[in-house]
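Scope of the values below: all heavy atoms of this structure, side chains included, with no hydrogens, waters or symmetry mates. The structure displayed is predicted, hence computed values, not measured ones.
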Amino acid sequence: MKFLFFPAIAAIALCLHAPVTAAPMQQAEITRVINEVKVLPGEAASREAKVGETISGGTAVRTGEKSRTELKFTDQTLTRLGANSQFSFQTGTRNLSLDNGVLFLQVPKGAGGAKIQTAAVTAAVTGTTIMMEYVPGKILKIIVVEGTLDVYFPDRPGTFITLKAGQMIMMRPDALGFPQPVEVDIKKLLETSDLANGQFDPLGPQANNAIAGAIADQTADLKDGKLLGTNIVLPGRGTTVVLLNGDAALALRANDAGSPPPPGSSPLPSGGTASGGAPLPTDPKYLPPPLLAGNWRMNNTMQVD
């Protein structure tokens, strides 16, 4: 059994953009409001969001502490925001913007795709379910739940990475390149994320079938030894890595996401083992993310609550 790295798959540049024939997004309905959610209509004063109201482009939606919301576009594209997040979209385009916080986005196959933009990168979504966390100046985290995703720098569209179902990248927003993706446990992620479950309605059959297929693929890879289960968990948001070793847990902080610990250091507890009983790697090149290969188990990875 070995640890595997998962290099990005090359794709032609034309795949980075949604088809020009796709119907533009004109408006979205707010379908769920949990705790404090505000609507910011351009230059006007903010107001409390209400279930059933429709917003158009140029109007931002912002959540407060321990708050979440859901918006649905006419083409059934679904957007959910976690706590302390702000989101908007441009009318007449398929461009969405995450200014800060946590996003769960599901674009139905055949809807024409969409582009989710941050100040750091742009992600081209076509018939895909993703989760994204963006904190300006601190961290960018992207996970593909099902489907594939192209991520590129807006000022350098030729520099991009293609992520498949179950893959995650975590990087600083000012990074000049993309880190190597790692595999995450999709089933565990969805079971523990408040944006996938919590007080939201279940996803539609198309998305559920695609997600079930992605989970089945991971299960088969684990059985065949292509993936190795670990005792590594990312609880909540940010870059804290928790190593579970029996009843003990060791928390690590990746102050510079993507940089390994100092040479010669070993952040693992003595005798640590993976969930399957295999020894955890002790070479510091494996830690912290995104340099660990194998299968990450995530506990509420994309939600702060």
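Side-chain N or O atoms of Q206 include one that pairs as donor or acceptor with a backbone N or O of K109 at under 3.5 Å. When atom types are taken as modelled, the side chain of S85 and the backbone of V102 share a donor-acceptor pair closer than 3.5 angstrom. In this structure a side-chain-to-backbone donor-acceptor pair under 3.5 Å is missing from K226 to D221. A donor-acceptor contact shorter than 3.5 Å links the side chain of R80 to the backbone of L195. T122 contributes no side-chain N or O that, together with a main-chain N or O of Q117, makes up a donor-acceptor pair within less than 3.5 Å. Of the possible donor and acceptor atoms, one in the side chain of Q218 sits under 3.5 Å from a partner among the backbone N and O of I186. The main-chain N or O of K188 is found under 3.5 Å from a side-chain atom of T192 such that the two form a donor-acceptor pair. T159 places no side-chain N or O within donor-acceptor distance of the main-chain N or O of P157, the cut-off being under 3.5 Å. For D150 (side chain) and A124 (main-chain N/O), no donor-acceptor pair under 3.5 Å exists by modelled atom type. A side-chain donor-acceptor contact under 3.5 Å links T118 to the backbone of A120.
Scanning for side chain to side chain donor-acceptor pair (under 3.5 Å) contacts around E53 gives R47, with sequence neighbours left out. Scored by the side chain to side chain donor-acceptor pair (under 3.5 Å) test, T63 finds no partners at all (sequence neighbours excluded).
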Going through the distances and angles, do F104 and F200 end up as a ring pair (Phe, Tyr, Trp, His ring centres under 6.0 Å)? CA-CA 12 Å; F104 179 101; F200 294 105; 8.3 Å; no
Which is it for D217 and K164 under the salt bridge (Lys or Arg N to Asp or Glu O under 4.0 Å) test, yes or no, and what are the steps along the way? CA-CA 12 Å; D217 289 342; K164 67 176 185 178; over 6 Å; no
Can you check side-chain contact (heavy atoms from CB on, under 4.5 Å) on V125 and L96, steps first, answer last? CA-CA 10 Å; V125 186; L96 316 175; over 6 Å; no
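Residue pairs meeting the ring pair (Phe, Tyr, Trp, His ring centres under 6.0 Å) criterion with at least one partner in residues 165-184, sequence neighbours excluded, are F153-F178.
Note that the OG1 atom of T162 and the CG atom of L149 stand 8.0 Å from one another [nearest 0.5 Å]. Rounding to the nearest 0.5 Å places CD of Q106 at 7.5 Å from OG1 of T77. Separating the CG atom in L222 from the CG atom in D185 is a distance of 7.5 Å, to the nearest 0.5 Å. Residue Q180 holds its CD atom at 14.0 Å from CE of M171, rounded to the nearest 0.5 Å. Interatomic distance, CE of M168 versus NZ of K141, reported as 6.5 Å (0.5 Å rounding). Taken from OG in S97 to CZ in F87, the straight-line distance is 8.0 Å, to the nearest 0.5 Å.
Side-chain atoms of L103 and L81, non-hydrogen and from C-beta on, do get closer than 4.5 Å to each other. Between R68 and N35 there is no side-chain heavy-atom pair separated by less than 4.5 Å. Side chains of T128 and V107 form no contact here, defined as non-hydrogen atoms less than 4.5 Å apart. When side chains are defined from C-beta on, V121 counts as touching I142, because their heavy atoms get closer than 4.5 Å. Between L105 and L98 there is no side-chain heavy-atom pair separated by less than 4.5 Å. Using a 4.5 Å heavy-atom cutoff, the side chains of I34 and D194 are not in contact. E70 is not listed as a side-chain neighbour of D201, based on a closest heavy-atom distance of 4.5 Å or more. Considering only heavy atoms from C-beta on, V33 stays 4.5 Å or farther from K50 through its side chain.
The two atoms that bring P179 and I161 nearest to each other are O-CD1, 3.7 Å, heavy atoms only. For Y134 against A119, the heavy-atom pair with the smallest separation is OH-CB, 3.3 Å. Closest non-hydrogen pair, S88 versus A60, comes out as CB-CA, 4.0 Å. Contact record, N100 with V135: OD1-CA, 3.8 Å, taken as the closest heavy-atom pair. The two residues P173 and G137 have their closest heavy-atom pair at CG-N, 3.8 Å.
Grouping the Ile, Leu, Val, Met, Phe, Trp and Tyr side chains by contacts below 4.5 angstrom, directly or via other members, places V51 apart from L40.
Ion pairing between a basic and an acidic side chain is recognised when a charged N comes within 4.0 Å of a carboxylate O; D75 and R94 show such pairing.
When I215, T129, L203 are each tested for a side chain to side chain contact (heavy atoms under 4.5 Å, CB included) with E146, only one passes: T129.
Around the NZ atom of K38, the shell of radius 6.0 Å holds more than 12 heavy atoms that belong to other residues, nucleotides or ligands.
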